[in-house]
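Labels below follow one simple rule: chain letters A, B, ... track the order of the sequence lines, proteins then strands, and each chain is numbered from 1.
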2 protein chains.
Amino acid sequence: MLRLSKKVDYAIILLSHLGEASGPISAQEVSSHYHLPQPMIANILKQLAASQLVESTRGVQGGYVLQRQANQISLAEIVRVIDGPFNFVECAHEPSECRVSATCPTQTPLQALHGRLYEFMESVTLENLIQNHELQPV
Amino acid sequence: MLRLSKKVDYAIILLSHLGEASGPISAQEVSSHYHLPQPMIANILKQLAASQLVESTRGVQGGYVLQRQANQISLAEIVRVIDGPFNFVECAHEPSECRVSATCPTQTPLQALHGRLYEFMESVTLENLIQNHELQPV
DNA sequence: GAAAAGCGTACCAAGCCAGTGCTATTTTAG
DNA sequence: CTAAAATAGCACTGGCTTGGTACGCTTTTC
């Protein structure tokens, strides 16, 4: 139904939390703070670390910190890192896969739509999400 | 991965086609024209008819026509009719269902985001999709 | 050397989605 | 009046995605 996946939801919560913290935060800390399943969010933090969004420190007192400033991380990037490439319409990236590409009347407008959504999600930064800035009306 | 479902994709194609036709179009016609599975698109047309987006005529020479003008049908409505209510984030409509609502740092901004996307999809009409109007940049 | 933390990878169950099938009803053509 | 062309209304299914779990390993501090 066109929604963000739970993992992305969690990732946003995690990153927001890291963005507001000063030192490294462990998976354990976050999971107990928000009452979320620990293995789940540990996995997500691993993904975020593998994707260079957060830096990890091992060992006691270790944890995660943002690798970039919150205004340098876009919503689009978070979605991409967790859920894979953002394909609003199937043919957005692989026109060859479309069975009806020759006759499909909606290709161009749907791709334009895709582009707008993408730009939109690029323009929303983690900082916006944290600070709850007023978002400009569409 | 945050994409329109195939059914919505098909529905847009169908509605665009109906919007450009003059008389009633049968499921058979559309499916052979776009090489799409006939039972599938028949089902979708049934849904569209049940939701008052198209009018149906039974019998030989029957088929479907738009029930409203193309500029009176929004993308949001198409999605809603086919895929159910549009929930960009889980808590958008039912805050009570959110396990972390008390502490979740992202509620307000994500709901704002939800609102913007929704307005956006409300503002795109079938006519825009058909005529491939230049969509305003976000 | 024990505990706290992250790393890597594999696995599983439930739900959703795309697609199919079947039977009944309505309408027109001949 | 009957056959054919259509829609109506179901119910079903197989496979993929998603949310979540498990386990063994390495690194770091005390």
Considering all heavy atoms, the nearest A:M121-A:S74 contact: O-CB, 4.0 Å
In whole angstrom, give the distance that lies between atom [atom1] of [X] and atom [atom2] of [N].
X	N	atom1	atom2	value
B:Q38	D:dA8	CD	C1'	13 Å
A:I41	C:dG6	CD1	C1'	12 Å
A:I44	D:dT18	CD1	P	13 Å
A:Y10	D:dT18	OH	P	14 Å
B:Y64	D:dT7	OH	P	5 Å

Heavy-atom donor-acceptor pair, A:R58 side-chain to D:dT28 base, under 3.5 Å: no
Which residue lies more 5' along DNA chain C, comparing A:Q61 with A:K46 via nearest heavy atoms: A:Q61
Sugar-phosphate only, base, or nothing, as touched by A:A27 at under 4.0 Å among non-hydrogen atoms: sugar-phosphate
Inter-residue atom distance A:F88.CZ - A:R116.CZ, 0.5 Å rounding: 11.0 Å
Steps toward side chain to side chain contact (heavy atoms under 4.5 Å, CB included) verdict (A:L48, A:Y64): CA-CA 10 Å; A:L48 295 174; A:Y64 298 90; over 6 Å; no
5' priority, DNA chain D, between B:N43 and B:I25 [closest heavy atom]: B:I25
Residue whose nearest DNA chain D nucleotide is more 5′ - A:K7 or B:G59: B:G59
